[in-house]
Structures are given as C-alpha cells and as structure tokens.
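Since the model is a prediction, treat every value here as computed from it, not as a measurement. No hydrogens, no waters, no symmetry mates; every other heavy atom, side chains included, goes into these values.
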Protein chains: 2
Amino acid sequence: MTNGDEPKDKRLKAGDAQKLTMAEVAKYVGVSAMTVSRAFRQDASVSEETRKRIMEAVDALGYVLDLSAGSLSSRRSGFIAALVPSINNSNFSDTARGITDALENTGLQLLLGYTDYSAEKEEKLIEAMLRRRPEGIILTGGSHTDRARRMLDKAGIPVVETWEIPEEPINHVVGFSNGEAMSLLVRTLASQGYRRFGYIGGTTARDTRGSQRRSGFLKTVEELGLGPGRAISFGVPPITMEQGGQAVVSLLERWPDTEVVLCVSDLSAFGAIMECKRRGMSVPGDIAIAGFGDYEISSICHPSITTINVDCYGIGRQAAARLLDALQGSGEATGDEITLTGYRVVLRESTDRGGAA
Amino acid sequence: MTNGDEPKDKRLKAGDAQKLTMAEVAKYVGVSAMTVSRAFRQDASVSEETRKRIMEAVDALGYVLDLSAGSLSSRRSGFIAALVPSINNSNFSDTARGITDALENTGLQLLLGYTDYSAEKEEKLIEAMLRRRPEGIILTGGSHTDRARRMLDKAGIPVVETWEIPEEPINHVVGFSNGEAMSLLVRTLASQGYRRFGYIGGTTARDTRGSQRRSGFLKTVEELGLGPGRAISFGVPPITMEQGGQAVVSLLERWPDTEVVLCVSDLSAFGAIMECKRRGMSVPGDIAIAGFGDYEISSICHPSITTINVDCYGIGRQAAARLLDALQGSGEATGDEITLTGYRVVLRESTDRGGAA
DNA sequence: GGGCAGAATGATATCGATAACACTAGGGAG
DNA sequence: CTCCCTAGTGTTATCGATATCATTCTGCCC
C-alpha cells in the first residue's frame, strides 16, 4: 500500500476523478473526438450507427458535454442576458418567465440579474454579463448610465429594452407608454364621474416607469381641468403593500375629500384598500382605489381591484423573440424596431360608483 | 467602390468589429498579456503603476474581460447553479434573492432554472447546468430522478438540497420538516379549541413539500383524536389564489361544519378567505382559515392571516453559504451537514376565536 | 473502367485566457 | 561583497471543444 512507486496524486482532491473529456469518449468508442462532437449536434453528418454507439458510450461513462470549452472555439456562448429590477412579487417575474419559455429548445440559456432599480447596479451587472459574452441582452427600461451604453454599443450584440418606450432606444424595444396607460385610467375614471384624484407612488428617483405613471397622472388630471393632482411619494420602489397602506393614510389626512386614489402598482393599491377597511372605511363606498399591473391579487381581492392589465409575460416572450430574430437573420433587415405591447383598463369593484363594500 | 481587390469580408456581420483581446490591450500598454490578466485580479502581484496604466487602457479601448476563456484554463467556471420550482409569486423568489445576495462579491454568478415542479424537467435542467460546469448546485427538495442523482454524483461538486429534509440527502441540506411545521400549526390551533379541521392543497404528485404538509396535517389530526382530516385536492401545484377560493367552496359543501381550514400556502388561504367574504361569510367568525409561508399579503390582508413563517430568504443565504464553505475548505471537514432552518406559527386575525370580520 | 460526387470521418489549428515556471533587478542579511 | 529572497514581469503550454480542410470510401454514371 505504501510502495515508493506510488504516483504523487496530491493534486487530486477528494472525488474529482471525473475529468472526462470528449477525447476519452472518442477513444472508448474508437472514433475521433471530432466525431463525438458531431454526434452531439443534430445537423452534423454522422452515421446513425456511429451516433448510437457514441451516445451509448456517453451514457455508460456518464459524460456531460462541456459548453464552456465549446463556446470558446465556436465563438457562441449560448447565453442570453436579461436584467430586471426585481424578481420578488412583481410583474417582472412574469416577464422573466416569458423569456425563459421563449428560449426553450433554442439551445440558449438565460442569465438573469436583478438591478434593484439602480442604474449603477445595472451598469455593474451589464459588465458582469458581457464578460460571459451573451449573444443578446434584454434590459428593463430605457435609462442607463453612459458607461453602460458604451459597453452595450461596443458589445455588438442585439439589445432589447422593455417595459417602456425610451426616448433614445439603443436598439430594439418591446414595451408601452406607462404615462399613457395611466392617463387612460384617469380618463376612464373621470368619465365615470370621479373628480378629486389622488395618487400614490414611490419616490421617483430610481423607478422610471413609476415616475412616468406619475407624470401621466398629473398631466391628465391637469388637462381635464381637475385641478392639481394630489400625489404622495412614499418609500423607495418597489413600494410595498404596507407602504401603500401608510401612503393612503397620509393622502387622506392631507386631502380628506379625495374621491379616488390611483396607485403605482396593484400591491400598493391592495395595501391601501386593506388599510382603509381596517379603519372602517368602505371601498369603493367611501373611497375608490385603483392599481396598475393586474396582478392575480386584484381579481381575487374583495373588493376586486380596478387596474391596468399589462401583458407582462408577453413582453418577455416578445423581447426574446425579437432577439432570436436578430440573431437568426443577422445581416439583413435588422432594422431596429419598436414593438408596442397592449394594455387595457380593467374596471372592477374597487371603483364601482354604485357599489359598497 | 467595387474594385476587384476588396477583401472578401462577407463573414463580418454588421458591427462586429469588436474582437478585442487581452493581447491587444497588452500590446497597447507595452506589457505582456499575462500582466494584463494579473491586473484584473486583486491578489496578483502587479505594481500599482502598471495596473493603473493597464486599467486606463482597458477603459480607453473598452475592453471587457472574457470569462469563458478564463474559466476554461483556470478550470473554474465561476457559476453556481440553482433550481427552484417556480419564481412567480412564491417563496422561492425570496430564496433566489437570498442566494443572489450571498453570492455578491464572491465572483460567482448564479445560473437560475425553473423546474415547474417536475422531476423530469429538473433532470433536464441539471444536465443543462452541468454543461456549464458550475462549481456547486442548489436544489429545491429531495426527490430527483435516478439519472439526475447519477449526474450529480459524477459531477463531483457540492450539492445543497433545500426546503425539505430529504430521507437520503445527496450532500448538504438546508431546510426544515414541512410535515412537522404543519403539525405544529394544527396543534396550536387545536389548543385554542378548534376541533373540525379541513385542509386545502394541490394534487400531491409533483409538489413534495405540499404533500409533506398534507401528511403532517392528516397525521396530527389523527393523533389528536380529531377524526379523519377533511382534505381537498385542487389543481396542480402551485395552487393559485383562485383555486384556493374554489377549493374552500368544495370543502364546505362536503363538510359544512368545518371550523378551521389550513391551506398549503398563504396564496390559497387568501383566495379562500376572499371567496368566503364574497359569499357573505365572516372570517374568522363563521370559519377560520390559515395559510403557510407568511407571504407579505398575510400580514396586510384584512383579516390578517394566521400562517407559518418560514425563513425563505435565509434558506437561500444559508444554502449559498454552505456551498461557499464547501468550495473554500475543499479537502477537509467537508462533512455533509443538515442545517435546520426555523419556522414559527404566526397567529393572526383569521383564526382569532373571539374575533369577527 | 475512369472519374467524380457525396457521405462519413480524421488531423490540425485555434478560440482567449490562465497555470506554471523562468527570469530579472534590487535590497537586506551575513 | 556575496548570496538569497522577493516583487514584478515574461514565456510557453494548456484547458476542451470546434472550424476547417483533408482524406477515405462507396457507388453511380457515361
């Protein structure tokens, strides 16, 4: 056992006896590594017989393809990067799922990052992603740091900005105007007779979609001649349910005769409604409340919540589809496009004029 | 323009003039590529002066490190893989965030996949992940296909299973007993005088945590001598708010005198409560309802929802920490460990015996 | 029967970084 | 004054797959 002729295998850590390469599979089968490589792709010309033998060997040996080596020589990483502000309890998780689903069976893998609504963090993440040489990248929103824009330009890969219509798009866009969507909600409710509008949102600095919704609100209230809008800023985005509750209290303290409160998201609207009920107010009897995003909670909640339905999942799918187009047809007809996604007002109990809760 | 001596640059796609390598940065600065490589790492010995010049050049040229090349030669991919059942509206998004946060500043990047509660999909994802040669992998739950287990064994990387206590752990575990947690909730409510218990969950086949909660419920109700538990299965996991509402209706049709209904998650509990209110029943006056998971919604909802608080975020952080430990101290003291995470009953209005809504 | 197309496979260079070792210059210890 | 050590840097081989070109073999056509 302790013969002097033992090889010095000190480098081998416990249990890493598995550095199995394509070459060893090849040797085992009696073909060249190149043939094994071909067998892993469906288009390559390998005889059915050989492919079968190779795949049996792969199974027997437990070989797993090493894409990091492959992507180096093929110069295709097989990655798509996507950055979303947050993944918790938000519309963006649906978008992420849409991207994931659209990427299925394309051989592309999603690299997901959370920017936490910060352009600086986004910049860092963009750099981290680009180090993996993704073949395309999907961003949320249109405001990026200068350095981020420069890196993206240099990268020479298709970029899709989502969830907004940036003033200066980098490349492709899949989104909608948050301001106009909110404006539509204001007009719809105004046409039902509501006059004294309040608004609840986060502090605007970081969440550009939130601030677009707010501006859309303020502008439209003004245009309709309904006096200055009553807007409350509460907490850093994403504003929580609890903050929605706190905000509605502040708002009603300051402007007690408010008739309807629009919220930057359904979550804050839900928090506001629950807080009102807790304080014995009836929704929509004493106060009407609406949200944004059409989360599941809004159709289930009692009272159900009026909101704007946005095709979150579709944004993800379409963004990914745009990217795949750009990757396939690269070379021609890759004109940067803006894909507008739909939204619609969903009227529910929480703003029902005849209603009581 | 159409001279015969034009180089045939058909291979060059529009805008990929950016194949900048470390060697070119090196030439630009007048050092070797190796020195540039060193400059990118903090520990390497490069003079401050040289590093500064290199970084300026990197900035000027817009060079971005290529990790896929680096990981091939260093044999460290810099990836950690994590698989969760779903990311939408679920506790797992918090776990994913915990992992992400724990990985910050470690130079490791998260590869996230969604198994959709399917062991087959998990198997496929495990293979896809292993092709990227992750340095460790975090799974949800303890049931995997045989092939998945074999691949994980062969991979020779640390594995952390989370959210449960598997009977046969692969390696490390960070989780808790879902059955015991549910049992605790039953006992707590029984001690408050509740006798006729109902249960709402999804069809059990795929969601092992869900079925553990169900068994915990049934077993404990039995043990307490409270007759056979009244359990409803409704829909494939993850059960939605809406399904929670439908399920509570079925349950009450079948067993109208049920006093308290425990739900597999807070989301279904919320749906159940809202449906009850919609039908004019008072919660907890006419029926008490409890959930599992302590989602934000449960503390905000009116009535607030009794539930089991689970440290979702902490599970993610600890799983990642366990992995980092295993990667650092690789070679010694890597005994597989089971890390138990805490849970506690949170009593709220929805099961308040004196209460009305 | 010669030649040629096409399928199947192999040999070699290469992708872009890093590991491992070699080397140089300068400074402190003896 | 020599030796040795260390910090800083360069050289070369290498990671494991794939692009590319070369090669072999078969069969078919004129």
Side-chain angles (χ1 to χ4, degrees), chain A residues 8 10-13 16 18-54 57-58 61 63-79 107 130-133 135 155, chain B residues 8 10-12 16 18-54 57-58 61 63-79 107 130-135 155:
Chain A
K8 47 175 176 179
K10 299 206 170 173
R11 293 249 183 76
L12 287 179
K13 291 164 196 157
D16 74 359
Q18 71 301 331
K19 42 178 179 179
L20 199 52
T21 75
M22 211 171 242
E24 302 180 52
V25 176
K27 198 193 300 174
Y28 184 91
V29 181
V31 296
S32 74
M34 196 60 234
T35 302
V36 176
S37 173
R38 287 189 180 108
F40 270 100
R41 286 170 290 182
Q42 78 292 41
D43 59 315
S45 77
V46 186
S47 73
E48 225 21 79
E49 148 73 6
T50 307
R51 168 174 281 132
K52 196 171 131 255
R53 272 170 46 224
I54 290 174
V58 164
L61 299 173
Y63 172 72
V64 175
L65 195 57
D66 186 334
L67 291 181
S68 62
S71 64
L72 182 58
S73 70
S74 69
R75 305 164 92 11
R76 299 196 47 211
S77 67
F79 281 125
L130 290 181
R131 288 182 169 190
R132 301 287 182 179
R133 298 293 187 267
E135 300 180 31
Chain B
K8 45 175 176 178
K10 300 205 168 170
R11 296 251 180 75
L12 286 180
D16 73 359
Q18 73 297 333
K19 42 178 179 179
L20 198 53
T21 75
M22 211 171 239
E24 302 179 52
V25 176
K27 198 194 302 176
Y28 184 91
V29 180
V31 296
S32 73
M34 197 60 233
T35 302
V36 176
S37 173
R38 288 188 181 108
F40 271 98
R41 286 169 290 183
Q42 80 290 43
D43 59 316
S45 75
V46 185
S47 74
E48 224 23 76
E49 149 72 5
T50 307
R51 168 174 281 132
K52 197 171 129 251
R53 270 170 48 224
I54 289 174
V58 164
L61 298 174
Y63 172 72
V64 175
L65 195 56
D66 186 334
L67 291 182
S68 62
S71 62
L72 182 57
S73 70
S74 69
R75 305 161 93 12
R76 298 196 48 213
S77 67
F79 281 124
L130 290 181
R131 288 183 169 191
R132 301 289 182 179
R133 298 291 187 269
E135 301 180 30

Provide, to the nearest angstrom, the distance between the [atom1] atom belonging to [X] and the [atom2] atom belonging to [N].
X	N	atom1	atom2	answer
B:L67	C:dA17	CG	P	10 Å
A:L65	D:dC15	CG	C1'	15 Å
B:D66	C:dC15	CG	P	12 Å
A:K19	D:dC15	NZ	P	9 Å
A:R133	C:dA17	CZ	C1'	11 Å
A:E49	C:dA7	CD	P	19 Å
A:L130	C:dA17	CG	C1'	17 Å
A:L72	C:dA13	CG	P	17 Å

Under 4.0 Å between a side-chain N/O of [X] and OP1 or OP2 of [N], yes or no?
X	N	value
A:S47	C:dT9	yes
B:R51	D:dA7	no
B:T35	D:dG10	yes
A:S74	D:dA17	no
A:Y63	D:dA17	yes
B:S45	D:dT9	no
B:R75	D:dG16	yes

What is the nucleic acid contact for [X], judged by heavy atoms within less than 4.0 Å: base, sugar-phosphate only, or nothing?
X	answer
A:R76	nothing
B:V36	nothing
A:T50	sugar-phosphate

Base C:dG10 paired with A:R38 side chain (donor-acceptor, <3.5 Å):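 When only heavy-atom distances are counted, A:R38 does reach the base of C:dG10 through a donor-acceptor pair under 3.5 Å.
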Write down the protein N/O and nucleotide N/O pairs, taken from nucleotides 12-14 of chain D, whose separation is under 3.5 Å; answer none if there are no such pairs.
none

Backbone N/O of A:L130 and side chain of A:R133: donor-acceptor pair under 3.5 Å: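 Checked: pair present.
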Any donor-acceptor pair under 3.5 Å from B:R51 side chain to B:A39 backbone: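 Checked: pair present.
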Nearest atoms (heavy-atom pairs only) where B:R53 meets B:V29: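 Reported closest heavy-atom pair: NH2-O, 3.1 Å.
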Heavy-atom pair of closest approach, residues B:M22 and B:F40: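 Residues B:M22 and B:F40, closest heavy atoms: CE-CD1, 4.1 Å.
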Ion pair check, B:K27 and B:E24, cut-off under 4.0 Å: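 Looking at B:K27 and B:E24, the cut-off is not met.
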Side-chain donor-acceptor pair present, B:S71, B:S74, cut-off under 3.5 Å: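 No, no side-chain donor-acceptor pair sits under 3.5 Å.
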Which residue lies more 5' along DNA chain D, comparing B:S32 with B:A69 via nearest heavy atoms: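 Nearest nucleotide further toward 5': that of B:S32.
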Cation-pi geometry met for B:R132 and A:F79 (6.0 Å, 45°):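 Satisfied, under 6.0 Å and within 45°.
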Residues that A:S47 engages under side-chain hydrogen bond (donor to acceptor under 3.5 Å, both in side chains), provided they are two or more places apart: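 Applying side-chain hydrogen bond (donor to acceptor under 3.5 Å, both in side chains) to A:S47 gives A:T50.
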